[in-house]
Asks: 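After the structure tokens below, expect a handful of questions from me.
Basis for what follows: all heavy atoms, side chains included, without hydrogens, waters or symmetry-related copies. Chain letters run A, B, ... following the sequence lines, proteins first and then strands; every chain starts at 1.
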Number of protein chains: 2
Amino acid sequence: MADSPRSLDPVQLGAYFDLIEVSSLLRYAVEQQLREAGDLSYVQFQLLARLGDSPTGSQRMTDLADGVVYSRSGLTYQAGLLEKAGLVVRAPSPEDERVTTVTITDAGRALLAKVLPGHVEVVRGMLFEPLSREDVMTLAGLLAPVRDHMRSTPPRSAAPRRRQREA
Amino acid sequence: MADSPRSLDPVQLGAYFDLIEVSSLLRYAVEQQLREAGDLSYVQFQLLARLGDSPTGSQRMTDLADGVVYSRSGLTYQAGLLEKAGLVVRAPSPEDERVTTVTITDAGRALLAKVLPGHVEVVRGMLFEPLSREDVMTLAGLLAPVRDHMRSTPPRSAAPRRRQREA
DNA sequence: TATTGTTATACTCTATAACTATA
DNA sequence: TATAGTTATAGAGTATAACAATA
């Protein structure tokens with residue numbers, strides 16, 4: 001018990017609730033758009049987007065799992081779906097035969113391109129419409145340090161054995 | 001090659017990604033804490049918290065479903081679990097027999113009280129630690145209008161069938 | 001007829017543990 | 001032995017549609 005459980009002040013509480021609500025509603029809307037436009041779940045979209053952003057169009061399974069906060073078996077499952085749909089291919093890495101390299105296909109890129117405009121549309125319409133350009137910069141400036149903080153802080157109470165952190 | 005709606009600018013993109021990542025990581029951590037401290041999913045916690053906040057400790061099923069972004073059948077399922085665990089009770093409303101009133105029990109309040117300190121702890125440690133008091137006020141000031149905007153736009157029950165297209 | 005809620009069902013997703021193979 | 005990934009499996013959660021009861 002390092003800290004006494006003082007509660008959150010009203011402003012913090014409001015910010016927390018609004019953050020949860022905003023992200024939930026946004027996520028819900030985006031998921032619906034992705035499902036309709038390309039029959040993709042959000043996770044699948046994230047995986048494709050990550051591969052599409054990669055210069056080579058490829059990534060190792062483990063790196064993908066790290067990026068999306070997934071168990072490896074969960075990633076295997078999703079990668080299997082994407083592969084079955086012809087959106088990615090998997091192949092063992094020549095350098096290290098233990099490693100599986102996932103690569104986005106042309107079909108995968110095409111689907112990404114097909115889905116992206118609607119995706120952007122939803123995000124702009126829901127998230128950015130009520131914000132000025134300056135607001136967005138401010139928001140980005142606030143979220144970035146939080147993101148960095150979260151990334152650097154392992155979950156305190158129960159650290160699931162993800163990857164061992166080199167100390 | 002459909003009409004390309006202007007893409008998001010880099011600042012918007014960053015804000016969007018960070019929002020998604022921050023809320024995902026926070027949600028993940030909070031869910032773990034709730035599971036460990038009280039064997040509650042986040043949705044179940046939200047339902048209990050809503051009931052606990054209500055002056056009467058009661059709410060109609062539909063109001064609960066609206067507040068939590070759920071289908072009614074999904075809420076029925078969750079309410080069933082909570083009831084089986086003795087955390088809420090359900091009863092038909094005397095005024096309108098169609099309505100089911102859900103009420104938090106003493107055990108429900110007790111569990112809420114047991115779980116809350118750890119919950120607050122996680123939120124503060126992950127979300128608010130890197131933010132000054134002023135930052136939090138700014139963040140709250142930005143999220144509130146977004147939340148209002150999202151609430152006011154076609155929520156979730158409507159939409160799927162029609163595709164919106166800008167002229 | 002419209003609304004509230006439940007049920008039946010089918011499916012998606014996720015995690016754990018055991019397993020294979022490479023290093 | 002340690003690491004990368006897969007498989008088997010089991011469980012939680014969600015949505016859709018059909019349904020019953022009430023308004």
Asks: So, R133(A) and D9(B), do they make that salt bridge, N to O below 4.0 Å?
Replies: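 Yes, charged N to carboxylate O under 4.0 Å.
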Asks: Base, sugar-phosphate, or nothing for L64(B), non-hydrogen atoms under 4.0 angstrom?
Replies: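 Contact class for L64(B): none.
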Asks: To the nearest Å, how far apart are E95(A) CD and dT22(C) C1'?
Replies: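 My rounded result for the distance is 14 Å.
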Asks: CG of L75(A) versus C1' of dC13(C): gap in Å, rounded?
Replies: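 Computing the L75(A):CG to dC13(C):C1' distance gives 13 Å.
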Asks: Taking D63(B) first and then R60(B), would you say they form a salt bridge - that is, a charged N and a carboxylate O separated by under 4.0 Å?
Replies: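 R60(B) and D63(B): salt-bridged.
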Asks: Given dC13(C), dA12(D), dT14(D), identify the nucleotide with an atom nearest to the side chain of R35(B).
Replies: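 Nearest listed nucleotide: dA12(D).
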Asks: Does a side-chain N-to-carboxylate-O contact under 4.0 Å join R90(A) and E83(A)?
Replies: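 A salt bridge links R90(A) with E83(A).
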Asks: Rounded to the nearest angstrom, tell me the gap between atom CG in L40(B) and atom C1' in dG13(D).
Replies: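 Taking CG of L40(B) and C1' of dG13(D), I get 15 Å after rounding.
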Asks: Just the rounded figure in Å: distance from C1' of dG13(D) to CZ of F45(B).
Replies: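 One finds 19 Å between C1' of dG13(D) and CZ of F45(B), rounded.
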Asks: Could you tell me the separation between the OH atom of Y77(B) and the C1' atom of dG13(D), rounded to a whole number of Å?
Replies: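 That distance rounds to 6 Å.
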Asks: Could you state the CZ-P distance from R98(A) to dT22(C), rounded to the nearest angstrom?
Replies: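 Distance check: R98(A) CZ to dT22(C) P gives 11 Å.
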Asks: Decide yes or no, distance alone: a donor-acceptor N/O pair under 3.5 angstrom between the base of dA4(D) and the side-chain of T100(A).
Replies: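 Between dA4(D) and T100(A), which were checked side chain against base, a qualifying N/O pair under 3.5 Å is absent.
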Asks: Would you kindly check whether a donor in the side chain of T76(A) faces an acceptor in the base of dT7(D), or vice versa, at under 3.5 angstrom?
Replies: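 No pair found.
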Asks: So, Q44(B) side chain and S41(B) main chain: donor-acceptor pair closer than 3.5 Å or not?
Replies: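 Side chain of Q44(B) to backbone of S41(B), a donor-acceptor pair under 3.5 Å: yes, one is there.
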Asks: Would you state whether a donor and an acceptor, one from the side chain of S71(B) and one from the base of dT16(D), lie under 3.5 Å apart?
Replies: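 By the distance-only test, no, there is no pair.
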Asks: Between V43(A) and D96(A), which is nearer to the 5' end of DNA chain C once each is assigned its nearest nucleotide?
Replies: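 Going by which nucleotide is closer to the 5' end, it is V43(A).
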Asks: Report yes if at least one side-chain N or O of R90(A) is closer than 4.0 Å to OP1 or OP2 of dT6(D); otherwise report no.
Replies: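 Answer yes for this pair, as a side-chain N or O of R90(A) is under 4.0 Å from OP1 or OP2.
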Asks: Should Q78(B) be listed as having a side-chain N or O under 4.0 Å from OP1 or OP2 of dT14(D)?
Replies: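 For dT14(D), OP1 or OP2 has a side-chain N or O of Q78(B) closer than 4.0 Å.
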Asks: Starting at CD of E31(A) and ending at P of dT12(C), how long is that distance when rounded to a whole Å?
Replies: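 Atom CD in E31(A) sits about 14 Å away from atom P in dT12(C).
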Asks: With the threshold set at 4.0 Å, does a side-chain nitrogen-carboxylate oxygen contact exist between R35(A) and E31(A)?
Replies: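 A salt bridge is absent here (no side-chain N lies under 4.0 Å from a carboxylate O).
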Asks: Can you see if the side chain of S73(A) gets near the phosphate of dA8(D) - specifically, an N or O under 4.0 Å from OP1 or OP2?
Replies: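 Answer no for this pair, as no side-chain N or O of S73(A) is under 4.0 Å from OP1 or OP2.
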Asks: Look at R72(B) and dT6(C) and indicate whether a side-chain polar atom (N or O) is within less than 4.0 Å of OP1 or OP2.
Replies: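 The answer is no; no side-chain N or O of R72(B) sits under 4.0 Å from OP1 or OP2.
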